Amino acid sequence: MTRAPKYWLMKTEPSAYSIQDLSQEPDQTTCWDGVRNYQARNFMRDQMQLQDRVLLYHSNAKPPAVVGTAVIVREAYPDHTAWDPKDKHYDPKSSPENPRWMMVDIQLEAVFDRPLPLEELRGVRALSKMELLRKGSRLSVQPVRKTEYDAIQKLSRKK
DNA sequence: GCCAACGTTGGC
DNA sequence: GCCAACGTTGGC
């Protein structure tokens with residue numbers, strides 16, 4: 001049994017890993033490692049399912065923008081980078097016996113013809129309640145309403 | 001580079 | 001369980 005797909009937004013700093021990097025992976029697929037926030041982890045672990053859709057967002061970019069879409073191709077499993085002392089996101093409290101952090105695999109679906117800058121999105125009525133646009137919003141994995149997802153897709157095809 | 005907003009940690 | 005101190009995120 002599968003439910004209707006849900007919609008998400010995931011942030012990445014393009015200086016660390018960009019949508020262009022994703023486009024060059026084998027099968028244009030990667031594991032979304034390095035998430036170290038419980039709320040974000042819980043969304044991945046408890047709610048993300050195969051075929052769910054993801055908006056990819058470039059944070060700390062000039063300008064910050066939604067840059068494309070991806071699909072969940074593997075559901076949550078332990079993030080092994082948390083066990084590697086040399087990894088930037090190493091967490092000594094996580095272990096193979098008792099993994100604390102999870103990740104999913106995503107496959108690139110589309111790189112938008114034009115990035116949609118945060119500033120532009122702030123002016124869109126259909127997005128007025130979007131988590132990304134909330135003041136102080138920092139969540140790196142966040143749910144998106146279907147109406148919001150559709151509005152952003154539509155915007156990406158304009159101009 | 002600044003700093004507001006937020007999350008986590010740890011003493012008590 | 002409170003909350004001050006600290007670390008991080010991320011727009012600007």
Side-chain angles (χ1 to χ4, degrees), chain A residues 6-25 30-48 52-70 72 76-106 108-145 147-156 158-159:
Chain A
K6 285 191 199 264
Y7 300 87
W8 308 95
L9 179 143
M10 291 169 131
K11 298 180 183 177
T12 182
E13 298 197 19
S15 60
Y17 191 88
S18 70
I19 195 169
Q20 285 75 28
D21 293 328
L22 176 57
S23 74
Q24 282 161 31
E25 301 279 5
T30 193
C31 55
W32 205 252
D33 63 318
V35 173
R36 298 291 181 269
N37 169 282
Y38 290 104
Q39 213 183 335
R41 178 205 67 183
N42 292 349
F43 281 132
M44 291 198 293
R45 185 190 62 190
D46 304 334
Q47 297 197 42
M48 274 188 188
D52 279 2
R53 293 302 199 267
V54 179
L55 296 171
L56 292 174
Y57 176 79
H58 279 174
S59 62
N60 262 314
K62 291 177 191 168
V66 177
V67 291
T69 59
I72 303 297
Y77 61 106
D79 180 346
H80 57 80
T81 67
W83 310 330
D84 177 1
K86 291 189 285 291
D87 192 276
K88 189 179 173 214
H89 302 287
Y90 173 60
D91 180 356
K93 295 185 200 123
S94 187
S95 65
E97 299 72 36
N98 197 3
R100 170 174 300 212
W101 303 110
M102 310 289 275
M103 60 189 179
V104 296
D105 287 358
I106 67 168
L108 183 65
E109 183 175 48
V111 179
F112 290 162
D113 292 335
R114 63 181 193 103
L116 301 177
L118 189 63
E119 191 184 14
E120 178 178 343
L121 300 182
R122 288 195 190 284
V124 179
R125 284 284 288 279
L127 304 180
S128 60
K129 290 185 180 169
M130 195 173 177
E131 166 69 19
L132 180 72
L133 305 183
R134 249 193 53 244
K135 187 180 178 185
S137 165
R138 301 194 331 189
L139 203 51
S140 63
V141 175
Q142 52 182 258
V144 171
R145 295 172 185 82
T147 51
E148 294 163 347
Y149 187 89
D150 292 343
I152 283 180
Q153 284 246 325
K154 203 168 158 189
L155 266 180
S156 75
K158 270 201 335 198
K159 285 190 202 169

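These values consider heavy atoms only, across backbone and side chains, with no hydrogens, waters or symmetry-generated copies. No experiment lies behind these values; they were computed from the predicted model shown. The chains referred to below are lettered A, B, ... by the order of the sequence lines, with proteins before strands, and numbering in each begins at 1.
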Atom CG of L118(A) and atom C1' of dG10(C): how far apart are they, to the nearest Å?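 Rounded to whole Å, this separation is 10 Å.
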d(CD, E131(A); P, dG11(C)) in whole Å: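 To the nearest whole Å, that distance equals 13 Å.
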Sequence neighbours left out, what passes side chain to side chain contact (heavy atoms under 4.5 Å, CB included) with [X]? Give chain and number order.
X       : answer
K88(A)  : none
N60(A)  : E13(A)
A110(A) : T69(A)
T81(A)  : D33(A), R36(A), D79(A), D87(A)

Any side chain to side chain donor-acceptor pair (under 3.5 Å) pairs touching residues 121-132 of chain A, not counting sequence neighbours?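 Every pair satisfying side chain to side chain donor-acceptor pair (under 3.5 Å) with a residue in residues 121-132 of chain A: E131(A)-R134(A), E131(A)-S137(A).
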Over all strands shown, is K62(A) touching base, sugar-phosphate only, or nothing at heavy-atom distances under 4.0 angstrom?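 If one applies the 4.0 Å heavy-atom cut-off, K62(A) turns out to touch nothing in the nucleic acid.
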Looking across every strand, which nucleic acid part, if any, lies under 4.0 Å from R36(A) by heavy atom: base, sugar-phosphate, or nothing?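 Answer is nothing: R36(A) stays at 4.0 Å or more from every strand.
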Pick out the pairs of N or O atoms, protein on one side and nucleotides 3-9 of chain C on the other, that lie under 3.5 Å.
from, atom 1, to, atom 2, distance (Å)
dT8(C), O2, R138(A), NH1, 2.8

Angle between ring planes, W32(A) versus Y17(A), binned at 30° and 60°: parallel, tilted or perpendicular?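 Plane angle over 60°, so perpendicular.
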